[in-house]
K.L.:
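Take a look at the following structure, please.
Nothing fancy with the numbering, it's 1 onward along the sequence. These numbers come from a predicted model, not from an experiment.
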Amino acid sequence: MTQSVWPLRVYWEDTDAGGVVFYANYLKFFERARTEWLRSLGIEQQALADQTGVVFIVSRTAVDYNAPARLDDLLEIRTRIERVGPASVQFAQEAWRGEHKLASGAIRVGCVDRNTFRPAPIPAPVLATIKTAR
């Protein structure tokens with residue numbers, strides 16, 4: 001996949017008492033970037049759920065933190081696909097401020113039936129779109 005880049009501004013609500021981005025908020029930043037990437041491919045998650053009965057859930061995360069982001073910083077969240085399976089996608093994501101990598105994460109997203117939360121195959125048209133964007 002060509003790497004996608006999503007800009008993000010750090011707001012007051014993103015910071016902790018020390019004035020830096022709270023570590024868990026990087027997962028929110030990564031989630032937003034994946035959602036916007038899907039949207040750029042024409043995949044709206046609510047429509048996907050309504051039309052097919054499946055949703056994407058995060059099944060695994062691992063994040064390394066290198067340096068802090070602070071209030072008003074302009075970040076780039078970089079996203080690329082590492083692996084696509086029949087029911088999951090493995091992403092590599094990074095948060096950058098200019099030339100400085102602040103955090104990097106490995107996130108696995110699984111497709112599940114929205115009623116039972118049991119694994120389900122990624123619908124064929126969605127899978128094809130994701131593989132093409134890779």
K.L.:
Once salt bridge (charged side-chain N to carboxylate O under 4.0 Å, His left out) is applied, do any residues pair with Arg114, and if so which ones, sequence neighbours excluded?
P.N.:
Asp50
K.L.:
If every non-hydrogen atom of Ala87 is compared with every non-hydrogen atom of Pro121, which pair is closest and at what distance?
P.N.:
CB-CA, 4.3 Å
K.L.:
Does anything in residues 44-89 form a ring pair (Phe, Tyr, Trp, His ring centres under 6.0 Å)? List the pairs, not counting sequence neighbours.
P.N.:
Tyr26-Tyr65
K.L.:
What are the two closest non-hydrogen atoms of Ala103 and Asn66, and how far apart are they?
P.N.:
N-ND2, 4.3 Å
K.L.:
Hydrophobic cluster membership, with links at side-chain heavy-atom distances under 4.5 Å among I/L/V/M/F/W/Y: are Ile81 and Leu27 in one?
P.N.:
yes
K.L.:
Using the side-chain hydrogen bond (donor to acceptor under 3.5 Å, both in side chains) criterion, which residues pair with Asp14? Sequence neighbours excluded.
P.N.:
none
K.L.:
Is a side-chain donor or acceptor of Asp16 paired with a backbone partner of Gly18 at a separation under 3.5 angstrom?
P.N.:
yes
K.L.:
Is the backbone of Val20 close enough, under 3.5 Å, to the side chain of Arg70 for a donor and an acceptor to pair up by distance?
P.N.:
no
K.L.:
Please enumerate all residues that pass salt bridge (charged side-chain N to carboxylate O under 4.0 Å, His left out) together with Arg78, with sequence neighbours excluded.
P.N.:
Glu76
K.L.:
Restricting to side-chain contact (heavy atoms from CB on, under 4.5 Å), what partner residues turn up for Arg118, sequence neighbours left out?
P.N.:
Thr116
K.L.:
Calculate, to the nearest 0.5 Å, the distance between atoms CG and CH2 belonging to Asp72 and Trp12 respectively.
P.N.:
10.0 Å
K.L.:
Output all residues satisfying side-chain contact (heavy atoms from CB on, under 4.5 Å) with Thr132, sequence neighbours left out; order by chain, then residue number.
P.N.:
none
K.L.:
When rounded to the nearest 0.5 angstrom, what is the spacing between CZ in Phe29 and CD1 in Ile77?
P.N.:
6.5 Å
K.L.:
Measure the CZ-CD distance between Phe91 and Glu82 for me, rounded to the nearest 0.5 Å.
P.N.:
10.5 Å
K.L.:
Mind checking what makes side-chain hydrogen bond (donor to acceptor under 3.5 Å, both in side chains) contact with Arg83, not counting sequence neighbours?
P.N.:
Ser88
K.L.:
Identify, with sequence neighbours excluded, every residue that meets side-chain contact (heavy atoms from CB on, under 4.5 Å) alongside Ile107.
P.N.:
Phe30, Arg34, Val58, Thr61, Gln93, Val109
K.L.:
Using side-chain hydrogen bond (donor to acceptor under 3.5 Å, both in side chains) as the criterion, list what pairs up with Trp6, not counting sequence neighbours.
P.N.:
none
K.L.:
Name all residues meeting the side-chain contact (heavy atoms from CB on, under 4.5 Å) criterion together with Pro123; count only those two or more places apart in sequence or in a different chain, and write none if there are none.
P.N.:
Leu48, Thr52, Val54, Cys111, Pro125, Val126
K.L.:
Do Leu71 and Leu102 sit in the same hydrophobic cluster, where Ile, Leu, Val, Met, Phe, Trp and Tyr count as joined when their side-chain heavy atoms come under 4.5 Å apart?
P.N.:
no
K.L.:
Would you compute the distance between atom CG of Leu8 and atom CZ of Arg97 and round it to the nearest 0.5 angstrom?
P.N.:
13.0 Å
K.L.:
What's the spacing between Gln45 CD and Thr35 OG1 if we round to 0.5 Å?
P.N.:
4.5 Å
K.L.:
State plainly whether one hydrophobic cluster holds both Tyr23 and Val21, where clusters connect Ile, Leu, Val, Met, Phe, Trp and Tyr through side-chain heavy atoms under 4.5 angstrom apart.
P.N.:
yes
K.L.:
Please enumerate all residues that pass side-chain hydrogen bond (donor to acceptor under 3.5 Å, both in side chains) together with Glu36, with sequence neighbours excluded.
P.N.:
Arg39
K.L.:
Which heavy atom of Ile43 sits nearest to which heavy atom of Ile130, and what is that distance?
P.N.:
CD1-CG1, 4.4 Å
K.L.:
Residues sharing Ile57's hydrophobic cluster, by side-chain heavy-atom contacts under 4.5 Å among ILVMFWY, directly or via others?
P.N.:
Val55, Val112, Phe117
